[in-house]
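One structure is given below, encoded as C-alpha cells.
Since the model is a prediction, treat every value here as computed from it, not as a measurement. Just so you know, these numbers use all the heavy atoms, side chains as well, and skip hydrogens, waters and symmetry mates. Chain letters run A, B, ... following the sequence lines, proteins first, then strands; residues in each count from 1.
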Number of protein chains: 2
Amino acid sequence: MSSDVPPAPARIDDETDARLLRAVALDPRGTLADLSAAVGLSVSAVQARVRKLEARGVIAGYRAIVDPESVGKPLAAFIEITPLDPAQPDTAPELLQHLDEIEACHSIAGAASYMLFVRVATPRHLETLVRDIRLAASVSTRTTVVLQTFYEGRPLLAGP
Amino acid sequence: MSSDVPPAPARIDDETDARLLRAVALDPRGTLADLSAAVGLSVSAVQARVRKLEARGVIAGYRAIVDPESVGKPLAAFIEITPLDPAQPDTAPELLQHLDEIEACHSIAGAASYMLFVRVATPRHLETLVRDIRLAASVSTRTTVVLQTFYEGRPLLAGP
DNA sequence: GTTGAAACCGTACGGGC
DNA sequence: GCCCGTACGGTTTCAAC
C-alpha cells in the first residue's frame with residue numbers, strides 16, 4: 001500500500017463485501033461453500049451478496065486469463081494516437097473497435113489523445129496493425145514495444 | 001481483424017481447443033454442459049480438455065472483473081519510469097511489487113525503462129503514489145492520466 | 001472420447017432474527 | 001432488511017469402457 005492520505009470514497013460499505021470481492025476476484029470458479037468459509041456467512045447469504053454485487057455492477061463480469069504466447073500473440077505494445085486533423089469529429093475508439101488486436105483503449109491527458117494496448121504475433125503484424133490504425137482513424141501513432149511483462153491485471157483490492 | 005500477414009505461430013493446434021478457449025474466456029462460470037454444447041463434445045471430454053489447458057498454462061487463471069469506481073479507485077494512469085542511475089542494478093519491478101495501486105508493470109523499449117498502469121482514489125493519492133515510486137525504486141517518472149476508458153481487457157481470441 | 005453413477009453444488013423457498 | 005437451514009435438480013467428478 002502507498003502512504004496514507006484521506007480515506008478513499010469506496011462504494012462498498014460493508015467489510016464483508018470487501019472480503020467477498022477479494023475472494024471472488026481471485027477465484028471466480030470457487031464454490032459458494034468456499035466463499036462461505038472465507039467470509040463466515042451461510043451459503044445462502046453469500047449467494048445473495050454475490051448476486052447483489054453483480055446486479056450493482058461492482059462485479060462487472062468474469063474472465064479466464066489466457067496466456068498470450070499460447071494463442072500466438074507474444075508481442076505486446078502501447079500505441080499512442082493523435083488525430084491528424086483536430087478539427088474533425090474524433091471517434092477513434094469506434095473506428096478502431098473492429099481491430100481485435102487492440103486489447104484496451106483509453107482517452108488520455110497529454111500530447112496524444114488515446115493510449116492503446118495491443119497484442120500481435122510478430123513485428124511484421126505490428127507494422128500492419130499500426131498502418132491499419134493510422135488509416136482507419138486518420139491519426140498519427142507513437143508505438144512503444146513491450147519487452148517483458150512482470151505482472152499485469154493484479155486484483156484491485158489488496159488483502160490484509 | 002487486421003490485414004493479412006503470414007499465419008501466426010499459435011501453440012494450440014486444435015480448432016476445438018480454440019473454440020473452448022473462447023467460450024471459457026467469455027464465461028468462465030458457465031457449466032461444462034454449456035461448453036459441451038458449444039464445442040460438440042461430451043461433458044467429460046470438455047472437462048479433460050479444460051484441465052489440460054489449465055495444466056499447460058494456456059489458461060493461466062480466472063478473475064472477476066471488478067468495477068474500479070465501486071471500490072474507490074476511479075482514477076487510472078500510466079507511469080513511465082527511468083532509473084536515475086543507469087549503473088545501478090535495476091530491480092524496479094521487485095522494489096515496486098508491494099504497491100498494490102500498481103496493476104501492471106512492463107519493461108519497454110524507448111526512452112523509459114518501465115511502463116506501469118496504476119489505479120488510485122484521487123489526484124492527491126496519485127501524487128503520493130508517484131512520490132512513493134520515485135523513492136522506492138530511485139527513478140524519475142512521467143505520468144499520463146487516463147481521462148476515460150473505452151474498453152480494456154478484451155479477450156485475446158476473436159470470434160470465428 | 002464416451003457413458004454412467006455417486007458426490008457435490010447452485011438454487012429456491014420457508015422461517016427466524 | 002439480512003440471515004440461516006433444507007430439499008430438489010443440475011453439475012462435477014471419476015471409474016470403466
Problem - Pairs flagged by salt bridge (charged side-chain N to carboxylate O under 4.0 Å, His left out) wherever residues 50-67 of chain B is involved - sequence neighbours left out - result: A:Arg29-B:Glu54
Problem - Pairing residues for A:Thr149 by the side-chain hydrogen bond (donor to acceptor under 3.5 Å, both in side chains) criterion, not counting sequence neighbours - result: B:His106
Completion exercise
For B:Phe117, the hydrophobic cluster (side chain heavy atoms closer than 4.5 Å, chained through members) also holds A:Phe78, A:Ile108, A:Met115, A:Phe117, A:Val146, B:Phe78, B:Ile108, B:Met115, B:Val146
Problem - chain B contact limits on DNA chain D, taken 5' to 3' with a cut-off of 4.0 angstrom to heavy atoms - result: D:dT11 to D:dC14
Handout entry: Any pair counted as salt bridge (charged side-chain N to carboxylate O under 4.0 Å, His left out), so long as it reaches residues 136-156 of chain A, sequence neighbours left out
Key = A:Glu80-A:Arg142, A:Arg119-A:Glu152
Exercise for the section: List in chain and number order the residues that pass side-chain hydrogen bond (donor to acceptor under 3.5 Å, both in side chains) with B:Thr16, two or more places apart in sequence or in another chain; answer none if no residue qualifies. Expected result: B:Asp14
Problem - Any residue meeting side-chain hydrogen bond (donor to acceptor under 3.5 Å, both in side chains) with B:Asp85, in chain and number order, not counting sequence neighbours - result: none
Practice task
Classify the side-chain pair B:Thr122/B:His125 by whether it contains a donor and acceptor separated by less than 3.5 Å.
Solution key: yes
Problem - Contact list for DNA chain C against residues 23-38 of chain B - heavy-atom distance below 4.0 Å - result: none
Exercise for the section: Just jot down the side-chain hydrogen bond (donor to acceptor under 3.5 Å, both in side chains) partners of A:Thr141, sequence neighbours excluded, or say none. Expected result: A:Arg134
Handout entry: Interface with DNA chain C, restricted to residues 45-61 of chain A and to heavy atoms under 4.0 Å
Key = A:Gln47, A:Arg51
Handout entry: Sequence-distant partners of A:Ser44, side-chain contact (heavy atoms from CB on, under 4.5 Å), two or more places apart
Key = A:Ser42
Fill in the blank from the handout: Applying ring-ring contact (aromatic ring centres under 6.0 Å, His included) to B:Tyr151 and not counting sequence neighbours gives none
